[in-house]
Amino acid sequence: MQHMTVGNAGTADADILRIANLTKTYGRFSALKSVSLSVRRGSIHGLLGENGAGKSTLVGMISGQRQPTSGTITLNGIEVQGHDVKEMEKAGVFLVTQEPMIIDHMSVAENLLLGIWPRKGWLIDWKRLRRDAARMLQDTDIDPGQRAGTLDAVARRKLNILRAMFSGGRVVILDEPTASLDVEARQQLFAFMRRLKAEGVTFIFISHYNDEILEICDAVSVLRDGELAGGSDDVGEMTSDMLSELVLGRGLSLFQRQRRTFGADEAAIVVEGVRARNVAVDAFRIHPGEIVGFAGLPGAGAKEFARCLFGLVHAKDGTMRLEPNSPAVKLPGHPFEAYRRGIAFLSDDRRKDGLVGHLSIGANMSLSSLPALSRRGFVDVEAEREIISRYFAGMGVKAPNPEVAIDTLSGGNQQKVCLGRVLATEPKLLILDEPTRGIDVGVKQDVHRIIDELSGQGVAVIVVTTDSDEMIRLVDRVCVFSAGSIVGELTGEAISKDRLRQISG
Amino acid sequence: MSNVSIKAEAAPRPRSGTSNRAIVGWVLHNVVWIWLAILVVFFGLFNSFFFTVFNFQNIMVQATVLGMLATAVALPLLVAEIDLSIPANLGFSSAVGALAVTDYGAPWWLGALFGIAVATAIGFFNGLCITRLRMVSLIQTLSMMIILQGALLALTQGKTITSLPEGYTWIGQATIDGWPIMPLVFVVALIFMAVLLRRTVLGRSIYAVGGNAAAANSAGIRVDRTKIVAFTIAGFLAGIGGFLLASWQMAITSNQGSSFLLYAIAAPIIGGVSVFGGRGNVVGVFGGVMLLTVIQVGLAIIAVPSFYVGMIGGVMIFIAVAIDAIRVRYFQ
């Protein structure tokens, strides 16, 4: 593993950004310890590391949002003084955050030039605004007159990147730009980045995913515990395992499930005749202890069908039988009913509908089991405390105690709390939508092991995922969705990266 | 379960000046009570009558009706909605109940119960409109407020309802050893709310729904039902408040309750109930109610000319809200 040698590789001119001995301390805590690295002009430089490794601190200082405690940042051969967002933007450094800052009811053109509207005296020069925006957007499929609220996730990311460039951005920092993008959208975004790179834009690309770093980046730096753990100025010589080792500081034993097969005569949960918007599934079976993966393009019905089973999406038709000899009943009409039947669901977007931010870890964890923990409407506080401490410890949540507000946790820890919440209901059927998206590789292994253990206890698990690696390592069987229906199944050796790639385009 | 060693992920907090921060934090958290104490001392220095038992009893009585209203208002706020019709509901429902007694010869207790039932039904109806019809609570309850105010005027034909029977006015007038018993109702209501919010599934659901309705829904909480119940209990509390006010004043005017509107909404917010939902507790509501009542009573006692009372009271509320805003920013 070689350390950063980029600075020595070329002349000073080849590096647009050089960072030397950058340190940031908060009281006694060091968020970043003497980090030095260089970013080549016109390259895509990956920044990898676990949550809390110092990535945000580093880019926060590069973009001028935070003051370094010591060390220097040199941009275009000039040492940065003052560290101010406006100054850095003037110098061409822009931070594009995960949450696109877009005003939905304004047009794309207006959003693109928000705050830098071309003017005619006191008035906005609308004609020029539209012309400028149209020129900027000519190579994308985005219509400048469109309302921004109608854009999909990838178009929104592009819009933000374009906005940065429109304001004169030469170094664009992308903070986890692929979070909540599906495979296709990710590829679109990468193509877009490559095009801009060819025009001379430099990117700093933050990601949790090794494969993304390997695919799009030219160079990579890995941070661990606030220090530069390593990296390379040529990503070509890196492998995914090498990156994981740098991230974790040790060899990573990737979880691999021992695949199980189930006979057709074994007891199973049977779902039949499901009809809903964009869903038409005639029959689906899952056995207790089985892990079934749902694959398919976005809109193909995998997510929608999973939500029908839980009552989050209203199904016009459809029955389910949870026990072999019980009568078939209609699909649950509301999550409340689903939980009562022993069906639990974890959303792919925990900020939106996974957790209640300002409530404590404990309050979040017991939220779905309150009916079971109460008598005549009164919560049994002792029982609740027991459940909370059991899952707080069991999930390995990194926090001082369960009284802490969940808002203060990292994404991976929040996901563990959410998982704890649904597991506390002791479900028979567990539905997980992208259970490890946006969380780092170590926590991901934890989550996979937990899911595997659950199946060992006889829980039937459905995993909706676009992560082919996760699919291969975790599931017994894959259901392939297209146009709302299950069009095929993969088992055993057929569950391979190539097959999955074909399916998801 | 799995035990992979992962480096500390929770964002570490800056450590410097911990004790200072703790003190400032404590002050800001208890700002309502500190402000209340300052005002009590201030009013007492102006006029020592303020420190008398009689005045304390007076404050408690005055706080009761406002307290019932503020507790009621807090519930829709906690589920991230608002009910502006609560004070109008108080006036209208008490008039309906009183008229059943005075004009239709119902026994006083039946009239009182009828009024409370009407108030509860109005709260339930508001809840239905906001959940099933997806009406915006701010406007729906604003229109309900105007309807109820108009209905009260129509019902009373502009006259004041007096001649309430002795039984009806008992609770507002009775004393034990000189201590009025009406404030006990407020105390019971506070305990009821505290138990409801802290110990019941409904209370937990209210906080979750107010904090993040989408997450609460997918966590298996029936969001609509929770909101409807919150509005219904709010109506119920307003109904009791209406009965108490009528019993205490021994009269129902044609605009009964209207003057409470702004104070009833200000009190819980001053007490830390978030207008965005999900945050707030009963102790805070109580503090907000006491603060507003002390300001009102205190300004009357130190004989501020009545032309200035509104303005000075407004400034004091403004200061309380401003300090609260600082508190919120400080803890971000």
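- Most heavy-atom pairs under 4.5 Å with chain A: of the set Gly278(B), Ala219(B), Ala214(B), Gly211(B), this distinction falls to Ala219(B).
- Aromatic ring pairs are classed by plane angle as parallel below 30°, tilted from 30° to 60° and perpendicular above 60°; the pair Phe255(A) and His448(A) is tilted.
- Neither the backbone nor the side chain of Arg198(B) comes within less than 4.5 Å of any heavy atom in chain A.
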Could you list the donor-acceptor pairs under 3.5 angstrom formed by side chains in residues 281-289 of chain B, with sequence neighbours left out?
residue, atom, partner, partner atom, Å
Asn281(B), OD1, Val283(B), N, 3.2
Asn281(B), OD1, Gly284(B), N, 2.8

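- Of residues 353-363 of chain A, those residues lying under 4.5 Å from chain B by any heavy-atom pair are Asp353(A), Gly354(A), Leu355(A), Val356(A), His358(A), Leu359(A).
- Residues Arg257(A) and Ser455(A) bring a donor and an acceptor atom of their side chains to less than 3.5 Å of each other.
- Using a 4.0 Å cut-off between a side-chain N of Lys or Arg and a carboxylate O of Asp or Glu, Arg375(A) and Asp380(A) do not qualify as a salt bridge.
- Considering only residues two or more places apart in sequence or on other chains, Glu337(A) meets the salt bridge (charged side-chain N to carboxylate O under 4.0 Å, His left out) condition with Arg341(A).
- In this structure, Phe124(B) places its CZ atom where only 12 or fewer heavy-atom neighbours from other residues, nucleotides or ligands lie under 6.0 Å away.
- In this structure, the portion of Tyr339(A) lying under 4.5 Å from any heavy atom of chain B is its side chain and not its backbone.
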Show your reasoning for whether salt bridge (Lys or Arg N to Asp or Glu O under 4.0 Å) applies to Arg224(A) and Glu50(A).
CA-CA 7 Å; Arg224(A) 186 174 68 235; Glu50(A) 284 190 292; over 6 Å; no
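- With a threshold of 4.5 angstrom between heavy atoms, Thr425(A) does not approach chain B through any atom at all.
- Every salt bridge (charged side-chain N to carboxylate O under 4.0 Å, His left out) that Glu384(A) has, sequence neighbours left out, goes to Arg204(B).
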